[in-house]
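Written out below as structure tokens is the structure these notes cover.
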Amino acid sequence: MGWSPDVTEVKSWNEWDTLRHVIVGRADDCHIPPPEPALDAKVPEDSDMRGQWGRRPQETIDRANELLDGFAKQLQDRGVRVDRPTPFDFSKPAETPDWKTESSFGCMPPRDVLLTVGHEILEATMSYRCRWFEYLCYRDLLQQYYNEDPKMRHEAAPKPRLTDADYHPDYLSDKIGEAKRLEWAAAKHFVTTEEEPLFDAADVLRFGRDLVVQHGFTTNLKGIDWLQRHFPDHRVHTVNFPGDPYPIHIDATFTPIRPGLIMNNPQRRLPQDQRAMFERNGWEIVDAAQPAHNAPPPLCYSSTWLSMNVLVLDPKTVCVEKSEVYQADQLDKLGVEVVPVDLRDAYAFGGGLHCCTADVYRDGDCEDYFPKM
Ligand code: DAV
């Protein structure tokens with residue numbers, strides 16, 4: 001049976017099969033959260049965000065929402081079903097018996113929180129205190145899918161304690177310096193400890209029966225082991241990318257476009273020993289094109305490499321941010337139809353085209369793209 005817009009079904013096994021149903025985030029009420037260990041480690045040392053927090057200016061929220069609504073409409077016009085999250089009051093303090101922080105973050109990047117694997121949508125543990133309750137923004141939708149699709153599995157990973165034991169104290173400084181950060185990243189010394197399983201969904205890429213997971217600031221080895229135990233029929237592969245001084249989320253670093261083709265950030269190359277499984281199975285890893293910008297937009301956590309944070313609509317059609325002309329040109333030369341999407345003024349709210357979406361349904365089944373292990 002093919003997909004029908006009138007029947008809700010959750011299913012997505014990879015990053016490239018034809019997209020039919022997706023969640024697109026919202027910028028409503030988005031906050032710059034107060035300092036906390038894991039977040040501080042990610043905010044670049046020279047960032048304009050250091051030392052300030054609170055609700056983002058309304059005109060920037062309105063502009064980001066205009067772009068996100070436009071992206072949603074563009075997808076709908078192509079026949080994709082689009083759902084949107086329900087924000088809660090992010091200005092309220094987030095508090096558990098272990099800690100309290102003065103605000104939450106927002107719900108622009110559903111990709112960070114929701115991991116769709118086959119018929120399952122899994123809520124990630126997250127690793128920032130300000131994002132502990134973010135899953136609530138998606139509960140209306142997940143409950144609806146659960147009610148409408150008898151095969152849907154709604155799962156949540158164990159909520160982490162996120163006490164100070166989860167964070168390495170030597171990262172609690174804004175004067176570490178890039179050289180030291182790169183040395184630590186290469187040695188896989190990240191801000192999070194191995195106290196308990198931690199992962200963000202955006203550290204995971206889905207390749208059919210293989211999951212590729214980035215070990216970095218937001219995902220630790222216990223989190224990756226948890227994913228392997230949770231998905232026993234999958235092979236889970238741990239990767240890391242030396243060269244990134246602030247390693248969170250794999251989706252501005254390693255971007256599969258179609259079976260056999262991956263773009264890799266040339267400043268964050270996959271180490272040689274980790275390339276073997278791709279090479280043995282005929283996958284080509286190409287350097288991504290340079291970003292079109294020298295700096296991220298104001299008050300943005302992410303690097304300029306959101307240029308490669310693209311959304312694949314099908315193996316021949318990819319959404320690329322409108323101003324990222326070098327990335328568009330590269331994909332065009334690789335034989336892909338590029339759909340330009342205006343989103344740059346929303347980057348500061350949580351990322352690019354891949355970040356601000358989460359798959360609900362793609363065509364295709366669970367295939368083995370790496371038969372030679
Ligand atoms: O390059 O700053 C951004 C990833 C967002 N999900 C970067 C990583």
Side-chain angles (χ1 to χ4, degrees), residues 1 3-15 17 19-26 72 80-88 94 96 104-128 131-162 196-209 211 213 218-219 222-234 236 249 251 350 354-366:
M1 278 275 288
W3 184 77
S4 151
D6 308 320
V7 179
T8 299
E9 189 180 341
V10 172
K11 176 175 73 77
S12 177
W13 292 103
N14 59 49
E15 307 286 332
D17 271 330
L19 182 72
R20 304 287 189 182
H21 185 179
V22 74
I23 300 171
V24 174
R26 287 186 195 275
V80 179
R81 179 171 157 192
V82 178
D83 289 328
R84 312 296 299 275
T86 310
F88 61 87
T96 75
S104 288
F105 164 60
C107 62
M108 185 274 201
R111 187 76 60 180
D112 297 0
V113 185
L114 302 178
L115 179 63
T116 310
V117 175
H119 302 285
E120 170 169 333
I121 300 184
L122 171 66
E123 296 166 6
T125 68
M126 311 309 285
S127 57
Y128 297 178
R131 307 192 71 178
W132 208 86
F133 289 104
E134 208 167 304
Y135 68 97
L136 292 174
C137 305
Y138 305 102
R139 277 292 170 92
D140 287 354
L141 291 175
L142 297 192
Q143 278 175 0
Q144 181 197 339
Y145 305 156
Y146 189 82
N147 290 335
E148 294 177 1
D149 174 5
K151 288 210 295 283
M152 188 252 184
R153 291 163 52 94
H154 178 184
E155 297 272 0
K159 291 305 284 177
R161 296 291 290 260
L162 299 186
E196 59 183 340
L198 298 175
F199 67 96
D200 278 13
D203 279 313
V204 184
L205 290 174
R206 302 152 308 137
F207 292 75
R209 67 161 293 189
L211 300 174
V213 189
T218 37
T219 294
K222 280 214 170 104
I224 299 174
D225 179 60
W226 189 90
L227 285 164
Q228 178 65 81
R229 295 195 213 185
H230 183 72
F231 295 114
D233 299 331
H234 278 75
V236 176
H249 303 165
D251 56 359
H354 192 259
C355 304
C356 78
T357 53
D359 293 12
V360 180
Y361 189 100
R362 286 183 190 266
D363 288 351
D365 293 314
C366 183

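All of these numbers come straight from a predicted model, not from anything done at the bench. Residue indices begin at 1 and follow the sequence shown.
Residues forming a salt bridge (Lys or Arg N to Asp or Glu O under 4.0 Å) with Glu15 (at least two apart in sequence, or on another chain): Arg206. Residues passing the salt bridge (Lys or Arg N to Asp or Glu O under 4.0 Å) test with Arg362 are Asp359, sequence neighbours excluded. Qualifying salt bridge (Lys or Arg N to Asp or Glu O under 4.0 Å) partners for Asp140, counting only residues two or more places apart in sequence or in other chains: none. Residues that satisfy the salt bridge (Lys or Arg N to Asp or Glu O under 4.0 Å) test with Arg153, not counting sequence neighbours, are Glu120, Glu155. Shown here are the side chain to side chain contact (heavy atoms under 4.5 Å, CB included) partners of His119, two or more places apart in sequence or in another chain: Glu9, Lys11, Lys151. In this structure Phe88 satisfies the side chain to side chain contact (heavy atoms under 4.5 Å, CB included) test together with Phe90, Ser104, Phe133, Leu136, Cys137, sequence neighbours excluded.
In terms of heavy-atom proximity, Gly208 sits nearest to Cys366 at C-SG, 3.8 Å. The shortest non-hydrogen separation linking Arg139 to Ala156 is NH2-CB, 4.5 Å. Contact record, Pro109 with Gly350: CB-O, 3.5 Å, taken as the closest heavy-atom pair. Across every non-hydrogen atom of Thr125 and Pro197, the tightest pair is CG2-O, 3.8 Å.
The shortest side-chain heavy-atom distance between Arg26 and Pro87 falls under the 4.5 Å cut-off. Counting heavy atoms from C-beta on, the side chains of Leu142 and Glu123 come closer than 4.5 Å.
Using a distance-only test at 3.5 Å, with no hydrogens or angles considered, no donor-acceptor pair links the side chain of Asp112 to the main chain of Ala201. A donor-acceptor pair is defined here as one N or O able to donate and one able to accept, closer than 3.5 Å; such a pair exists between the side chain of Arg84 and the backbone of Gly25. In this structure, Gln228 contributes its side chain and His234 its backbone to a donor-acceptor pair below 3.5 Å. In this structure a side-chain-to-backbone donor-acceptor pair under 3.5 Å is missing from Glu196 to Pro160. With His230 contributing its side chain and Asp225 its backbone, the two residues share no donor-acceptor pair below 3.5 Å. Judged by distance alone, the side chain of Ser12 and the main-chain N or O of Val360 form no donor-acceptor pair under 3.5 Å.
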(request) Start with the C-alpha distance between Val213 and Phe199, add both sets of side-chain angles, then the distance that settles side-chain contact (heavy atoms from CB on, under 4.5 Å), and finish with yes or no. (result) CA-CA 9 Å; Val213 189; Phe199 67 96; 5.8 Å; no
(request) Starting from the C-alpha separation in whole Å, work towards a yes-or-no answer on side-chain contact (heavy atoms from CB on, under 4.5 Å) for Met126 and Phe105. (result) CA-CA 12 Å; Met126 311 309 285; Phe105 164 60; over 6 Å; no
(request) Mind running side-chain contact (heavy atoms from CB on, under 4.5 Å) on Val117 and Leu122 for me, showing each step along the way? (result) CA-CA 8 Å; Val117 175; Leu122 171 66; over 6 Å; no
(request) For His154 and Gln143, run side chain to side chain donor-acceptor pair (under 3.5 Å): C-alpha distance rounded to whole Å, both residues' side-chain angles, the deciding distance at 0.1 Å, then the answer. (result) CA-CA 8 Å; His154 178 184; Gln143 278 175 0; over 6 Å; no
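Note: Glu148 CD to Asp6 CG = 11.0 Å, rounded to the nearest 0.5 Å. For the atom pair Lys222 NZ and Leu227 CG, the distance stands at 14.5 Å (nearest 0.5 Å). Separation of atoms CG (Asn147) and OG1 (Thr8) is listed at 10.0 Å; rounding is to 0.5 Å. Interatomic distance, CG of Asp149 versus CD1 of Ile121, reported as 9.5 Å (0.5 Å rounding). Interatomic distance, Leu19 CG to Tyr361 OH, rounded to the nearest 0.5 Å: 11.0 Å. How far CG of Asp200 is from CG of Leu114: 11.5 Å, rounded to the nearest 0.5 Å.
Between Asp233 and Arg209 there is no salt bridge, since no side-chain nitrogen of the basic residue lies less than 4.0 Å from a carboxylate oxygen of the acidic one.
Counting non-hydrogen atoms of other residues, nucleotides and ligands closer than 6.0 Å to OH of Tyr146 gives a total of 12 or fewer.
Ring centroid separation for the pair Tyr145 and His21 comes in under the 6.0 Å cut-off.
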